[in-house]
Amino acid sequence: MCDCCDGSDEMHAKHSKCSNTCESAGAEWRAAEAERIRVAEAGARAKLAYMDQAKAALSDAEGTKAELSAKQTSAEQQLAVAEEQLAAAERQAEADALQQHSSDSHKVLRGLSLDGASAEDLGTLLVQLARTVNGGAKALAKLAEGAALKRGVEQKDLIKINWPTDVPDDLVSAPKAEAVKSAEAAILAAKSDLREAKDALADLESKQAKDYGPSNAFFPLDGKCVELRQAQYTYKVCPFGSAKQDHTLLGNFEGFQDSYTTMRFTNGQTCWNGPARSLTVKLVCGVEEVLSSVDEPSKCEYTATLATPAVCDDRFARPIDTELVKEEL
Ligand code: MAN
């Protein structure tokens with residue numbers, strides 16, 4: 001080991017194999033220091049942006065909630081209207097189908113010259129036909145039913161006729177009426193608007209109740225996740241959410257510790273013969289969220305480091321290269 005800077009090698013300078021590393025060591029230190037300052041400044045600027053995001057989302061939360069409630073009410077009203085329209089359209093479609101059906105049956109009967117046959121004979125005939133004709137059985141049964149009704153058989157007597165039952169419905173389902181289709185589409189749209197408004201309202205209310213640290217600087221981390229592939233595992237940490245090692249739950253976000261310099265995730269998957277897994281995340285200043293150095297110092301108790309602008313010192317936030325900009329101008 002030789003640093004070549006303390007003068008001890010100078011006595012034998014001629015024969016010394018020591019080369020002077022001061023310059024390269026100094027350059028390395030200066031580069032590291034410049035990088036540290038760059039991160040501190042860029043991180044601080046990013047933190048100001050985080051604080052602004054939080055302010056925009058939270059400071060007028062009551063106003064936003066009122067807007068969302070109004071959206072919810074209007075979606076509920078639209079849904080009620082669309083449901084009424086659907087019921088009316090379905091009633092109309094059913095009436096149209098019945099009318100169509102009875103006029104069709106009549107035409108067929110006339111066509112087959114069977115309009116003089118007795119209702120029972122007609123029923124039996126058509127049911128037999130329905131059983132033997134592949135595919136259109138239910139349609140034919142309906143036809144028979146319509147014809148029988150038309151010829152004076154009472155509804156209560158119809159059940160005495162042995163209608164075929166093993167016919168899939170879709171063989172007889174007529175195309176949907178346009179009015180039914182459009183009412184159904186309106187219901188879907190209103191339901192989706194309603195869900196959207198409800199979700200946004202619930203999301204905002206839950207965010208209002210959370211602790212996002214001084215100046216709410218941690219706000220933009222809510223909903224973000226950071227991953228790190230290390231050894232055989234992929235670690236995934238979602239601040240305010242949960243932390244995982246592949247599919248194993250390391251813990252759910254419990255809160256901050258040590259003046260917002262640490263996050264704790266607890267109540268993870270229980271370790272075989274050990275505690276429930278937990279994770280302590282050390283927070284350091286960085287330009288963006290980067291997860292590093294996951295460790296397991298004690299069985300199923302994990303540690304990690306998360307870089308984030310949220311913990312940078314915003315007093316370092318100087319405008320980017322003002323001097324340079326001035327010079328360039
Ligand atoms: C898995 C991983 C490890 C942990 C053991 C404990 O292999 O979660 O990190 O130490 O289980 O059995």
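In this chain, numbering begins with 1 at the start of the sequence shown. Just follow the structure's listing: the first ligand is 1, and inside any ligand the first atom is 1.
With respect to the salt-bridge test (charged N to carboxylate O, under 4.0 angstrom), the residues E178 and K181 qualify. A salt bridge links E35 to R38: at least one charged side-chain nitrogen sits closer than 4.0 Å to a carboxylate oxygen.
Annotation for ligand 1: atoms under 4.0 Å from non-hydrogen atoms of C271 are 6 (C). Of all the atoms in ligand 1, the ones that sit under 4.0 Å from a non-hydrogen atom of Y302 are 2 (C), 3 (C), 4 (C), 8 (O), 9 (O).
In terms of modelled atom types and a separation under 3.5 Å, the side chain of S192 and the main chain of L188 share no donor-acceptor contact. A donor-acceptor pair is defined here as one N or O able to donate and one able to accept, closer than 3.5 Å; such a pair exists between the side chain of Q230 and the backbone of V294.
Between the choices Q232, K299, E301, E296, the shortest heavy-atom distance to atom 12 (O) of ligand 1 belongs to K299.
Protein heavy atom nearest atom 2 (C) of ligand 1, with residue, atom name and distance: Q245 OE1, 3.2 Å. When only non-hydrogen protein atoms are considered, atom 7 (O) of ligand 1 lies nearest to Y233 OH, 3.3 Å. Here the heavy atom of the protein found nearest to atom 1 (C) of ligand 1 is R277 NH2, 3.7 Å.
Note on ring orientation: taking the six-membered ring where Trp is involved, the planes of F253 and F240 are tilted (angle from 30° to 60°).
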